[in-house]
Peer 1: 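To start, I am sharing the structure in question, which I have written as structure tokens.
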Number of protein chains: 2
Amino acid sequence: MGIVDLVSEIPLFHGLHGEQLEEVVDIVADQTFGRGQPVFSEGEEAAGFYVVVSGRVKIFKLSSEGKEQILHFAEPGESFGEVPMFAGGRFPAHAESIEKSRIFFFPRAVFLELIEKDPSLAMNMLAELSMRLRRFTRLVEELSLKEVPGRLAAYLLYLNGRGDGSGDLELDITKGQLAGLLGTIPETISRILGKMSSLGFIRVRGRRITLLDRQSLEDLSAGGKFII
Amino acid sequence: MGIVDLVSEIPLFHGLHGEQLEEVVDIVADQTFGRGQPVFSEGEEAAGFYVVVSGRVKIFKLSSEGKEQILHFAEPGESFGEVPMFAGGRFPAHAESIEKSRIFFFPRAVFLELIEKDPSLAMNMLAELSMRLRRFTRLVEELSLKEVPGRLAAYLLYLNGRGDGSGDLELDITKGQLAGLLGTIPETISRILGKMSSLGFIRVRGRRITLLDRQSLEDLSAGGKFII
DNA sequence: CTTCTTTTTTGATCTAAGTCAAAGCGCACT
DNA sequence: AGTGCGCTTTGACTTAGATCAAAAAAGAAG
């Protein structure tokens with residue numbers, strides 16, 4: 001598939017016409033990253049921003065003791081690293097490719113020119129940043145106002161919603177990464193999944209999880225407690 | 001002071017020329033809110049967004065048990081409530097005026113037209129949302145990766161930076177609100193301030209706080225522990 | 001000044017979840 | 001099939017910080 005087709009499938013560039021699309025294609029740098037390879041580090045000077053074409057990129061913060069809080073997994077079609085483009089300064093978090101990924105890089109200066117000329121590009125970017133703000137709001141809420149069982153229940157329901165909604169789902173990340181995303185540690189995830197299983201809320205076979213009692217999960221997610 | 005002057009002082013509208021400024025002024029609704037009065041609630045349908053002219057607005061989430069996590073205090077010149085404008089859907093958090101506040105409201109549809117016509121308005125908005133994303137990133141980091149003493153130390157150093165940097169500072173919010181901002185409760189704030197005092201890091205007289213040992217505060221903020 | 005209300009502090013207790021350590025599994029690869 | 005390495009689970013223990021209750025201070029209002 002040609003670059004133009006790939007670019008035209010990126011939500012950020014939806015609604016762009018042929019000529020503008022060509023301009024975008026002209027400035028893109030096509031990059032490949034292996035599993036575990038960093039795309040950028042927190043505090044680095046930003047020369048531009050990125051869009052995932054294929055693979056997956058983990059966006060995360062690191063504590064002084066090495067604990068990591070995952071902010072987001074950027075999936076194909078999603079952009080990341082735009083904050084310094086518009087706010088100045090440096091990257092506020094780390095980005096690492098967690099599988100073989102193809103990534104488009106857009107240099108800052110040229111892209112800013114494009115966006116200033118093209119209202120629909122600006123609107124798309126505003127929508128993208130707004131959705132990210134909403135996601136962050138939810139993350140803050142979960143970290144601060146819910147206990148770990150509630151966060152985990154919410155995540156399972158979310159995964160179910162993303163999937164076919166049948167109640168059968170497959171974790172697309174390791175439980176360690178899930179812990180990093182939910183602001184906890186693998187042991188805690190393991191214990192809580194065990195508890196959910198023994199209470200009959202779910203059934204776990206490796207990474208396959210079946211939701212058996214959606215109501216109880218909703219209750220947990222809404223702030224309810226386990227009734228031992 | 002006329003509306004035009006007030007609008008022209010809002011960072012979001014910097015760089016707009018006379019004619020465009022007039023258009024903005026034409027669509028603004030000038031509103032006043034008393035202390036404790038809600039501006040909007042989470043989940044409400046959004047008809048537009050807001051800018052604080054004077055006073056202060058608390059943006060926050062509420063847990064099912066009534067605990068509140070403050071996301072931000074919007075100060076004069078700052079906008080809030082834009083997410084649904086660009087991402088669709090509803091307000092992701094509550095907004096409440098915590099003192100007598102004058103607030104400009106901008107209706108969604110008309111503002112979207114303006115922004116599509118005016119690249120500098122779009123760029124300003126992109127910058128604003130980006131800075132907010134950066135702030136949220138920091139909030140997530142603090143909630144998830146730092147203990148409460150570290151968050152508090154970071155906040156004191158931040159306040160000192162915002163002020164004259166002399167080491168003398170005055171909390172502009174109650175300690176209860178500070179607790180809500182740092183993801184904890186007033187008792188904990190009280191105890192930690194007490195500990196910091198007894199270790200000679202700070203001196204507290206009501207809301208006036210003097211930083212005595214900045215290095216120790218920096219250490220705490222960077223993840224260090226109290227050495228009893 | 002006196003009376004209320006709102007904040008702040010202090011003490012005692014409880015608990016969710018982190019830490020440390022050790023098995024146990026499962027998958028990838030020769 | 002066997003060998004390793006990374007992932008996951010389990011158990012014992014520790015701890016930061018929440019909860020509950022009550023007193024003390026500090027403001028605000030008459």
Side-chain angles (χ1 to χ4, degrees), chain A residues 35-36 58 63-70 98-100 142-153 170-198 202-209 220 223-228, chain B residues 34-36 63-70 98-100 142-153 170-198 202-209 220 223-228:
Chain A
R35 173 190 163 92
K58 177 175 73 176
S63 80
S64 52
E65 288 95 30
K67 188 188 165 191
E68 83 180 25
Q69 171 64 47
I70 298 172
I98 56 166
E99 39 192 84
K100 193 170 189 309
E142 305 233 316
L143 289 174
S144 168
L145 301 176
K146 287 185 186 174
E147 304 183 340
V148 183
R151 295 176 217 164
L152 183 49
E170 180 143 16
L171 289 180
D172 51 352
I173 51 178
T174 71
K175 286 171 188 171
Q177 286 169 334
L178 178 53
L181 194 56
L182 301 183
T184 183
I185 55 173
E187 290 95 319
T188 299
I189 292 291
S190 182
R191 285 183 234 272
I192 294 175
L193 283 176
K195 202 163 192 174
M196 285 178 172
S197 290
S198 71
I202 59 175
R203 182 174 37 214
V204 183
R205 273 124 52 232
R207 284 206 190 170
R208 300 218 117 270
I209 296 179
L220 268 183
K225 309 250 171 202
F226 276 125
I227 303 132
I228 317 150
Chain B
R35 173 190 162 93
S63 81
S64 52
E65 289 95 27
K67 188 188 165 191
E68 84 179 25
Q69 171 64 46
I70 297 171
I98 57 166
E99 40 191 85
K100 192 169 189 311
E142 304 234 316
L143 289 174
S144 170
L145 301 177
K146 287 185 187 174
E147 303 183 340
V148 182
R151 295 177 217 164
L152 183 49
E170 180 144 15
L171 290 180
D172 51 352
I173 52 178
T174 71
K175 285 169 188 171
Q177 285 169 334
L178 178 52
L181 194 57
L182 301 184
T184 183
I185 56 173
E187 291 95 317
T188 299
I189 292 291
S190 182
R191 285 183 234 272
I192 293 174
L193 283 176
K195 203 163 192 173
M196 286 178 171
S197 291
S198 73
I202 58 175
R203 183 173 37 211
V204 184
R205 274 124 50 234
R207 284 206 189 169
R208 300 218 118 270
I209 295 179
L220 268 182
K225 308 251 174 203
F226 276 124
I227 304 132
I228 318 152

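Every chain is numbered from 1, with letters handed out A, B, ... down the list of sequences.
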Peer 1: Which residue is it: A:I189, A:T184, A:I185? I am looking for the one with a side chain to side chain contact (heavy atoms under 4.5 Å, CB included) to A:E187.
Peer 2: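 Looking at A:I189, A:T184, A:I185, the match for A:E187 under the side chain to side chain contact (heavy atoms under 4.5 Å, CB included) is A:I185.
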
Peer 1: What range of DNA chain D does chain A touch, first nucleotide to last, counting atoms under 4.0 Å from its heavy atoms?
Peer 2: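 Here the contact window of chain A covers D:dT8 to D:dA12.
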
Peer 1: Rounded to the nearest 0.5 Å, what separation is found between the CZ atom of A:R207 and the CD1 atom of A:I173?
Peer 2: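 Output value for this atom pair is 8.5 Å.
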
Peer 1: Looking at every heavy atom in both B:K175 and B:V204, which two are closest together, and how far apart are they?
Peer 2: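 For B:K175 versus B:V204, the nearest heavy atoms are NZ-CG1, 4.0 Å.
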
Peer 1: Please check this pair: side chain of B:Q69 against backbone of B:L181, looking for a donor-acceptor N/O pair closer than 3.5 Å.
Peer 2: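 Such a contact is found between B:Q69 side chain and B:L181 backbone.
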
Peer 1: Treat primed atoms plus P, OP1 and OP2 as sugar-phosphate and everything else as base, then score nucleotides 3-19 of chain C 5' to 3': B for base contact with protein heavy atoms under 4.0 Å, S for sugar-phosphate contact only, - for none.
Peer 2: -----SBBBB---SSSB

Peer 1: Starting at CG of A:L178, measure out to CG of A:L152 and round the result to the nearest 0.5 Å.
Peer 2: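 It is 6.0 Å, given to the nearest 0.5 Å.
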
Peer 1: Can you measure from CG (A:L193) to CG (A:L171) and round to the nearest 0.5 angstrom?
Peer 2: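 It comes to 7.5 Å.
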
Peer 1: Between A:E99 and A:R35, does any NZ, NE, NH1 or NH2 come within less than 4.0 Å of an OD or OE carboxylate oxygen?
Peer 2: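 Looking at A:E99 together with A:R35, the answer is no, because their closest N to O distance does not fall below 4.0 Å.
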
